[in-house]
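Right, one structure below, let's go through it.
As the structure is a prediction and not an experimental result, all values here were calculated from the model.
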Amino acid sequence: MTAALDQAPASVPAEPARRPQRAGRGRPARWPAILYLGPGMLGFAVFIVVPLAASLVISAFDWPLLGSPKFVGLENYRYMLAGDPAFWRSLLNTLIFAVLYTAVNLAVALGLSYWLMNLGGRWAAFFRVLFFIPVVTPMIGNALVFRLLLDDEGVVNGFLAHLGISGPQWLNTPGWAMVSLVMMSLWQGMGYNIIVLGAGIAGINPSVVEASRIDGAGPVNRFFRVVFPMLSPTIFFCTIMTVIGAFKVFTQPYALTEGGPGNATSTLVLHLYRNGFSFDRLGYASALAWALFVIVMLITAVQFSQQKRWVSYDS
């Protein structure tokens, strides 16, 4: 027995356990991601990050289009807040336009989306395309068409005169000029919200709406108690995008009213453009751009902070 044990082969030592390699941590797995993300990140850096940093630097200079820049520190911001009454007028006009445009845009787009949901069929698709056409047409062309329509001797006043009504000076009266600006912007941009809200309504479970109809809820109660809460995330998204777009309005006042009469329809972006390219003050224009960025950022932050009060993500 002892001899048998002596002749038994020695036990083979176990191999050390190998650490499993995690997927995606090796060097070869990183390069495809870099190649795919590289062009987009490069474009973001060249066209977004670098211009942002450059505008911040330029805002600290008295920088003419032609000539040598002169460092002035925070003087552009001081002048903007304390020495430029046109800035506050433009800011007030922008706020008025943003409130009117956003409220009417969302209300009308929501009503039309709800109507198209009930309409259904080919007519609904036809009207969606019809409402969306102005969104993809050139804004400068639309503004020039509206300028011809709303001229003192234009088509609108001619039609009103046919009815025995004396039409107002749409583009030469401060109040009516702002109304004209809002109307043109609504016609131009309302189709986008109609499509987005229509998609949100289409995503609502129809059995829930049908159950509320069986329970005896009327159209108004059914909309505000069933459809609106389920559609609130989509409405919140449309509100954010519409407010941001309203604060960036430029082409409409530039081509329709030229900021007039006086400064009645001058907006922040139009004021920025004039200072940069008409008054040869790129430094002050950059300061205005950063002021607009901060204002939009603060308003967006307030909107996000208040969304829990009325936005419901329960399906």
Between Ser266 and Ser90, is any side-chain donor less than 3.5 angstrom from a side-chain acceptor?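 Indeed, the side chains of Ser266 and Ser90 share at least one donor-acceptor pair under 3.5 Å.
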Dump the intermediate steps for side chain to side chain contact (heavy atoms under 4.5 Å, CB included) on Ser166 and Leu160, then the final yes or no. CA-CA 6 Å; Ser166 178; Leu160 292 176; over 6 Å; no
What pairs with [X] under ring-ring contact (aromatic ring centres under 6.0 Å, His included), at least two apart in sequence or on another chain?
| X | value |
| --- | --- |
| Trp115 | Phe127 |
| Phe87 | none |
| Phe293 | Trp290 |

So does Phe277 have more than 12 non-hydrogen atoms from other groups sitting under 6.0 Å from CZ?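 It does not: Phe277 CZ has 12 such atoms or fewer within range.
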With sequence neighbours excluded, give me every ring pair (Phe, Tyr, Trp, His ring centres under 6.0 Å) pair touching residues 205-235. Tyr114-Phe223
Nearest non-hydrogen partners of [X] and [Y], listed with the distance:
| X | Y | answer |
| --- | --- | --- |
| Leu272 | Leu288 | CA-CD1, 3.8 Å |
| Leu110 | Leu231 | CD1-CD2, 3.5 Å |
| Leu256 | Leu171 | O-CD1, 3.9 Å |
| Ala246 | Val249 | O-CG1, 3.1 Å |
| Ala98 | Thr102 | O-OG1, 2.7 Å |
| Arg89 | Ala264 | NH2-CA, 3.7 Å |

For Arg78, all residues meeting side chain to side chain donor-acceptor pair (under 3.5 Å), sequence neighbours excluded: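 Counting only residues at least two positions away or on another chain, Arg78 forms a side chain to side chain donor-acceptor pair (under 3.5 Å) with Glu75.
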Any residue meeting side chain to side chain donor-acceptor pair (under 3.5 Å) with Thr94, in chain and number order, not counting sequence neighbours: none
List the steps and the verdict of side-chain hydrogen bond (donor to acceptor under 3.5 Å, both in side chains) for Asn193 and Thr242. CA-CA 8 Å; Asn193 282 343; Thr242 305; 3.1 Å; yes
Assess the residue pair Tyr273 and Ser278 against the criterion (side-chain hydrogen bond (donor to acceptor under 3.5 Å, both in side chains)); give the C-alpha distance rounded to whole Å, side-chain angles, the decisive distance to 0.1 Å, and a yes or no. CA-CA 7 Å; Tyr273 169 82; Ser278 297; 5.4 Å; no
For the [atom1] atom of [X] and the [atom2] atom of [Y], what is their distance to the nearest 0.5 Å?
| X | Y | atom1 | atom2 | value |
| --- | --- | --- | --- | --- |
| Thr267 | Leu292 | OG1 | CG | 9.0 Å |
| Met297 | Ile244 | CE | CD1 | 12.0 Å |
| Trp176 | Thr265 | CH2 | OG1 | 15.5 Å |
| Arg309 | Gln306 | CZ | CD | 4.5 Å |

Please set out all donor-acceptor pairs under 3.5 angstrom arising from side-chain atoms of residues 280-287, sequence neighbours excluded.
| residue | atom | partner | partner atom | Å |
| --- | --- | --- | --- | --- |
| Asp280 | OD1 | Leu65 | N | 2.5 |
| Tyr284 | OH | Asp84 | OD2 | 2.4 |
| Ser286 | OG | Leu282 | O | 3.0 |

Sequence-distant partners of Leu186, side chain to side chain contact (heavy atoms under 4.5 Å, CB included), two or more places apart: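 If we apply the side chain to side chain contact (heavy atoms under 4.5 Å, CB included) test to Leu186, skipping adjacent residues, the hits are Tyr101, Val104, Asn105, Val182.
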Which residues share a side chain to side chain contact (heavy atoms under 4.5 Å, CB included) with Val311, sequence neighbours left out: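 Side chain to side chain contact (heavy atoms under 4.5 Å, CB included) list for Val311, sorted by chain: Ser232, Pro233, Phe236, Gln307, Tyr313.
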Could you pull out every donor-acceptor pair under 3.5 Å between side chains of residues 35-47 and any protein atom, sequence neighbours left out?
none

Which side-chain N or O atoms in residues 128-141 pair as donor and acceptor under 3.5 Å with protein atoms at least two apart or in another chain?
| residue | atom | partner | partner atom | Å |
| --- | --- | --- | --- | --- |
| Thr137 | OG1 | Pro134 | O | 2.8 |
| Thr137 | OG1 | Asn142 | ND2 | 2.9 |

N/O donor-acceptor pair under 3.5 Å between Asp62 side chain and Pro69 backbone: no
Take Met117 and Ile204 through the side chain to side chain contact (heavy atoms under 4.5 Å, CB included) test and state the conclusion after the steps. CA-CA 11 Å; Met117 180 195 73; Ile204 296 176; over 6 Å; no
Let me check something: any side-chain donor-acceptor pairs from residues 143-155 under 3.5 Å, sequence neighbours excluded? List them with distances.
| residue | atom | partner | partner atom | Å |
| --- | --- | --- | --- | --- |
| Arg147 | NH1 | Ala255 | O | 3.2 |
| Asp151 | OD2 | Glu153 | N | 3.3 |
| Asp152 | OD2 | Asn172 | ND2 | 3.1 |

